[in-house]
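Keep in mind that what you see is a predicted model, and the values were worked out from it rather than measured. Reminder, nothing fancy here: chain letters follow the sequence lines and each chain counts from 1.
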Amino acid sequence: MSTTTRPIKPLGQRPRILQMQDVDKTFNGSVVALRRMALSVNEGDFISLLGPSGCGKSTALRLIAGLMRPTAGRILWEGGQGADDLGVVFQEPTLMPWATVAHNVYLPFRLRGDRFAKVSDRIHEVLSLVGLEKFADSYPRELSGGMKMRVSIARALVTNPRLILMDEPFAALDEITRQKLNNDLLSLKAATGCTVIFVTHSVFESVFLSDRILVMAPRPGRVVKEITIDEPYPRDLAFRTSPEYAAHARATSDALMSAMGGTLMEVESHA
Amino acid sequence: MTITDTRTPALEAQPLYDEDEARHARSQRIESVARWLLPIIVVTLSIWGWSYLVRVNEIPHYILPGPGLVLQTLIEDWSILAGSALVTLQITLMALAVAIIGGVGLAILFNQSRFAEMCFFPYAVILQVTPIVSVAPLIFIYVESKFVALLLCAWIVAFFPILANTTLGLKSADHNLRDLMTIYRATRWQRLIHLQLPSALPYFLGGLRIAGGLALIGAIVAEYVAGTGGVGSGLAFRILEAGYRLNIPRMFAALLLIAVMGVIIFMSTTLISHFLLRKWHESAVKRET
Ligand SMILES: Nc1ncnc2c1ncn2[C@@H]1O[C@H](COP(=O)(O)OP(=O)(O)O)[C@@H](O)[C@H]1O
Ligand SMILES: [Mg+2]
C-alpha cells in the first residue's frame, strides 16, 4: 500500500464529502447543545470549528463520528459512510499503553482483520511521515507529550480516511510544541491531501491552519459565521508574521466576539 | 515530506557530572545492598536471640524448642513433612488455578451480560462474606471426596478478589479508546480482546496477589476443619497431629514450611505481575528519584 496523495483543488471546486443539515442535539431533554447546526465539508478542506468552551464543538464532532445521534436533522455522507472513512484525534493522545507505537498505529487495520505483516509497510510509512520511524518499537510511556500526539495523528492517518476529526488535539501541549505540531500538521496535509475538521478555541491556531473557519456561538450552539482564509499553503513563519495573517486574525477575533454578543472579557472567561 | 523530531528520548544513562550526582549514585548503591542485607541481618539476629533465650532460661523443648531443634526436626521428619507440604501446595495451586478461571470467566460473563451480573453477583458476595470456617463443615458433609472438599474451600476464599478486581478492570478502559473502538466498528469480541482485557490486566494481577495468599489460607483452614479424623495428610493435619502428641518441634517445623510456602507464592505472583507489566504499566516502571 502506498500513500494516496489526493491533489487539493482550489476552494470552490472541491467535491463534497459530508453535510450536516439543521442538526439539533438536546441532552437529557433540556440541555440544548446544538440548534440548527449546519456545515458542509469538501474534499481537501481544512475546517476549524472555533468557539468558546461549551458551545457544542465536541458534540458536533461526536455526531459526525457517529458516536451519538442527532435529536433532529441529518448528517449525510456523499456515497454513504464506510468503516474506513474516519480518523479521529482526541485532546489526549489516547494510546494503548500496553502496545508499542507501531501496534498502536496498527489498531485500525487490526480491527478490520488485516495481519500486521500485510500492513507493516504502510505503518512504517506513516510513522516516518510524522517523524517517529525510529520509535516504532517504543512504548507510549517512553515518549514525550508531543511525540504521543504524533502517534495519535499517525493512527488517524494510517487508513487514509476521507475525513479526519481533531478535537483540540494540541490544547494540552506547551506553546512551543504546539507551534511545531501546527507546522507539521500542515506539512502532513500537503503530503497526504487529507480533509480535516479541527476543533479549537484559539483564534490564531484556526487562522494559521484553516482554509475555512466556522465561528460558533453558545446557548444554543450553532455556526454563526463562516470565514474563508484563502491564503496559499504551505504556510510558514512568514505567513504567521504577515499583515494578511494579522488582518484575518483581527476579523476572526471580531467575529468570535460578536458571536459571543459581548466583550473580550466574556470571551476570555469562557475560553 | 518528512517531519523530524530532534529530541532524543531520555533513555540513555546520563554521564555523572558533579558531586551531587555522585553522592546520589552512591546512596542508591548503598540502598540496593541494604534492601537485601538488612532483612537477613534482622532475621539472623532474631534467630540468635530466640536460641539464646531458650538456652539461658533452659526452656524445655515441649514448651518452646530452639531454632536448632526445629531445623533438626525439619531434616529428620523431612520425608513426612515434605509429602504433606506437597499435598497442601497442590491443593493451594489447584484452587488458585480454578479461582483464576472461575474469577476471570465470571467477570467476563458479568461484563458482557448485565442480567447475568444481576443474577449471580449476590451469590459471589454471599460466598465471600460468609467465613470459610463456618461453611467448611457442611462442605465436608456433602462432598464425598475429601480432596475435592478441600479444593472447594480454598477456591471459595480465593476467587472473590480475582472476580472483583477483574470486573473493575474490565470497566475501567479509557473512554476515548472505547469511542475509538466504536468509530472503527469493533465487534464486542474485538473490544474485549484488544481493549478491555489488557486494561483489566493490572487489576487482575492485583487480585491474583491477594488470591495466592488466600488460597493457602483457605487450604490450611479447611484442613483444620477436616481434622485428623479422615486420611488427612496436609501440613495443617501434621500440625494438629503433632499437637496431640505434644511434638512441639514438629509443629514449629510444619509452621515454618507453611510460612515459606506463603512467601514463595507471594513472590511468584509478584514476579509474574512485574514481568507482565514492566514494559508499560506505571506500577512496574522504575523512576529516578
Ligand atoms: N453527554 C452529555 N450529557 C449532557 N450534556 C452534555 C453532554 N455532552 C455535552 N453536554 C453539554 O453540551 C454542551 C456542549 O458541550 P461540548 O460539545 O462538550 O462543548 P465544547 O466542546 O464546545 O466545549 C455543554 O453545555 C455540555 O455541558
Ligand atoms: Mg470540547
Chemist: Under 4.5 Å between any side-chain heavy atoms of A:Pro97 and A:Arg141, yes or no?
Modeler: no
Chemist: Taking non-hydrogen atoms and a cut-off under 4.5 angstrom, which of residues 198-222 of chain B neighbour chain A?
Modeler: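 Hits under 4.5 Å: B:Pro198, B:Ser199.
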Chemist: Any side-chain heavy-atom pair from B:Leu89 and B:Ile264 closer than 4.5 angstrom?
Modeler: no
Chemist: Apply the side-chain contact (heavy atoms from CB on, under 4.5 Å) test between A:Leu18 and each candidate in A:Thr195, A:Asp85, A:Ile75; give the one that qualifies.
Modeler: A:Ile75
Chemist: Return the NZ to OH distance between A:Lys118 and A:Tyr106, rounded to the nearest 0.5 Å.
Modeler: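 Output value for this atom pair is 9.5 Å.
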Chemist: Would you mind checking which part of A:Arg110 comes under 4.5 Å of any heavy atom in chain B, side chain (CB onward), backbone (N, CA, C, O), both or neither?
Modeler: both
Chemist: My understanding is that only residues two or more places apart in sequence, or in another chain, count here; which of them pass salt bridge (Lys or Arg N to Asp or Glu O under 4.0 Å) with A:Glu78?
Modeler: A:Arg16
Chemist: Is A:Leu143 close to chain B through its backbone or its side chain, or both, or neither, when contacts mean heavy atoms under 4.5 Å?
Modeler: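 Looking at A:Leu143, nothing touches chain B.
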Chemist: Check each of A:Leu49, A:Val199, A:Leu61 against A:Leu165 using the side-chain contact (heavy atoms from CB on, under 4.5 Å) test, and report the only one that passes.
Modeler: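 The single option meeting the side-chain contact (heavy atoms from CB on, under 4.5 Å) with A:Leu165 is A:Leu61.
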Chemist: In Å, rounded to the nearest 0.5 Å, how long is the span from CD1 of B:Ile100 to CG of B:Leu163?
Modeler: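 CG of B:Leu163 is found 13.5 Å from CD1 of B:Ile100.
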Chemist: Using a distance-only test with no angle check, is there a side-chain donor-acceptor pair under 3.5 angstrom linking A:Ser48 and A:Ser206?
Modeler: no
Chemist: With A:Lys189 as the cation and A:Phe46 as the aromatic partner, state whether NZ or CZ is under 6.0 Å from the six-membered ring centre and within 45° of the axis.
Modeler: no
Chemist: If the condition is salt bridge (Lys or Arg N to Asp or Glu O under 4.0 Å), which residues does A:Asp174 pass it with, not counting sequence neighbours?
Modeler: none
Chemist: Name the region of A:Leu111, side chain, backbone, both or neither, that has any atom closer than 4.5 Å to a heavy atom of chain B.
Modeler: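 Both the backbone and the side chain of A:Leu111 come within 4.5 Å of chain B.
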Chemist: Between A:Ser58 and A:Asp167, is any side-chain donor less than 3.5 angstrom from a side-chain acceptor?
Modeler: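 Yes, A:Asp167 and A:Ser58 have a side-chain donor paired with an acceptor closer than 3.5 Å.
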Chemist: With a strict 4.5 Å heavy-atom criterion, list every residue of residues 173-186 of chain B that contacts chain A, or say none.
Modeler: B:Asp174, B:Asn176, B:Leu177, B:Asp179, B:Leu180, B:Met181, B:Thr182, B:Ile183, B:Tyr184, B:Arg185, B:Ala186
